[in-house]
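The structure appears right after this line, and notes come after that.
Each chain gets a letter, A, B and so on, in the order the sequences are listed, and its residues count up from 1.
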Amino acid sequence: MRTISVEEAKRFVGEEVTFRGWLYNKRSSGKILFLEVRDGTGVIQGVLTKPNSPDLFAQAAPLPQETSLAITGKIREEPRAPGGCELDVTGLTVIHQPAAPFPIELTEHSPGFLMDHRHLWIRTGKQVPILRIRDAVFRAVRGYFHERGFVATEAPILTGASVEGTTTLFEVDYFGEKAYLSQSGQLYLEATAMALGKVYWIGPVFRAEKSKTRKHLTEFWMAEAEMAFCDHLENTRLQEELIAFVVETVAKERKRELDLLQRDTERLVEEVARPFPRVSYAEAVSLLRGAGHELSLGDDIGVPEEATLGEHFQKPVFVEYFPASMKPFYMKRDPRDPSRVLAADLIAPEGHGELIGGSQRVDTLEDLERQLDENHLPRAPYEWYLDLRRYGSVPHAGFGLGMDRTIAWICGVPHIREAVPFARQLNRVNQITTKRQGELDAVR
RNA sequence: UCCUCGGUAGCUCAAUGGUAGAGCGCUCGGCUGUUAACCGAAUGGUUGGAGGUUCGAGUCCUCCCCGGGGAGCCA
């Protein structure tokens with residue numbers, strides 16, 4: 001007898017098989033009992049009746065939610081069952097029966113309660129499909145870069161010098177010295193790009209921002225790429241291609257999960273039809289003013305403005321050529337208009353915020369030194385970075401893609417905390433709030 | 001940091017300043033096609049904390065704590 005996954009069930013209609021998993025829900029009608037068993041790949045309904053199998057019925061009837069078990073039986077096509085087929089249960093082995101009721105009911109809970117129980121919440125409802133889609137997004141991004149000859153590399157998480165002030169950096173004690181958790185691997189990727197040509201990595205980055213919104217995490221995952229001999233236009237073309245590839249791949253590979261999330265995959269694929277619209281920062285400002293936003297040249301494009309852009313285009317949209325004063329020191333000035341930089345942000349539709357920030361980088365020593373000075377940054381910590389312009393500097397460009405926001409958008413979940421297994425937020429550095437963590441520590 | 005809403009049973013929520021309630025869950029009983037099953041019964045409370053007003057406070061006032069939403073911040 002074969003042990004199979006729920007995902008494979010349809011291929012085994014008529015055969016006797018075993019599933020191993022957890023009791024997700026059960027329904028009883030006196031002499032007939034329905035067991036919903038989940039195994040991570042899906043949920044299958046087992047059915048058994050009292051007259052046909054009295055012992056099994058007596059054994060199964062009292063089992064609580066999340067009992068781990070193995071069930072055996074013959075698979076049958078059954079339109080009435082969720083998923084289209086059903087198991088006539090002929091054998092049942094209980095592996096572990098919980099002594100207390102499972103905290104997550106299949107009804108409604110508040111976000112605070114769910115986050116306190118995140119380690120259990122992830123077993124239920126939409127959380128399983130979301131995490132399976134997350135896996136597919138990571139694989140698609142890696143697959144895209146791999147096929148185009150990018151070398152996967154790594155940037156350090158612990159960094160010695162603060163790049164732009166320390167207010168948004170998490171400080172850690174490093175043998176008596178100060179070190180910081182990385183906000184971005186970009187500067188290091190620029191160095192590896194000069195060694196390897198085209199590089200990427202996917203890694204965690206950290207922002208000590210006191211942001212409390214549905215788009216922000218203090219720890220999140222970024223896919224960053226850096227390319228030697230690449231300019232602004234090629235850079236954005238690649239981003240566009242990457243996003244389209246990821247969405248198309250995931251819409252195909254994870255159609256079942258997206259359907260469970262009631263995400264319209266056709267709409268999603270339409271959204272990423274290329275080319276993506278492009279507006280310059282100046283055009284975006286006048287477009288937004290026309291839409292009623294009070295915005296002047298030089299103002300940041302904030303959250304309500306991003307939402308308007310998303311509504312206007314109904315697609316991911318590039319906003320490019322920002323005023324240099326708004327952007328960090330390493331971005332290359334536009335030779336046609338040195339007041340602005342060769343940079344672009346990709347804004348997601350449906351209010352999911354900025355997915356990508358990218359730019360062509362400064363490639364001459366003189367410009368880089370000048371822009372450090374203009375940003376009132378010391379040169380000493382950047383000597384190694386300046387070296388990249390001293391030894392065979394080339395035009396190069398790169399970008400960072402927020403993985404968690406991308407996943408939230410693809411899944412159509414409004415809040416980023418559901419797009420990541422264990423979200424680190426302002427008040428949560430654990431499954432429970434920092435306040436409750438303090439209370440527990442006091443007890444110990 | 002600011003704005004805003006909230007904290008009542010294990011969970012989700014009710015309750016003119018006047019006896020703290022329902023649904024769900026758990027438990028028990030009923031039901032042979034359920035889909036968060038349904039029906040019946042039982043269980044369940046120091047109303048976030050401290051102070052104040054009042055004959056009387058879940059409700060009003062002050063302060064604090066915590067959570068949700070939003071803003072700002074955001075390579």
For B/U12, does OP1 or OP2 lie under 4.0 Å from any side-chain N or O of A/Ser110? yes
Report yes if a side-chain nitrogen or oxygen of A/Arg27 is closer than 4.0 Å to either non-bridging phosphate oxygen (OP1 or OP2) of B/A36; otherwise report no. no
Is A/Thr168 side chain donor-acceptor paired with the B/C74 base, going by distance under 3.5 Å alone? no
Here the helical stems involving RNA chain B, each at least 3 consecutive Watson-Crick or G-U pairs closer than 3.5 Å, sorted by first residue number, are B:1-7 with B:65-71, B:10-13 with B:21-24, B:27-30 with B:38-41, B:48-52 with B:60-64
Base of B/C11 paired with side chain of A/His109 (donor-acceptor, under 3.5 Å): no
On the nucleotide B/G67, are OP1 or OP2 found under 4.0 Å from the side-chain N or O atoms that A/Arg417 carries? no
Looking at the base of B/G23, is there any donor atom on it, or on the side chain of A/Glu108, that sits under 3.5 Å from an acceptor on the other one? no
Distance-only donor-acceptor test, A/Glu105 side-chain atoms vs B/U12 base atoms, 3.5 Å: no
Would you call A/Arg27 and A/Glu36 a salt bridge, using N to O less than 4.0 angstrom? yes
B/G69, OP1 or OP2 - any side-chain N/O from A/His415 closer than 4.0 Å? yes
Counting any heavy atom closer than 4.0 Å, what does A/Gln65 reach on the DNA or RNA strands: base, sugar-phosphate only, or nothing? nothing
Between A/Glu219 and A/Arg417, is there a side-chain N and carboxylate O pair less than 4.0 Å apart? no
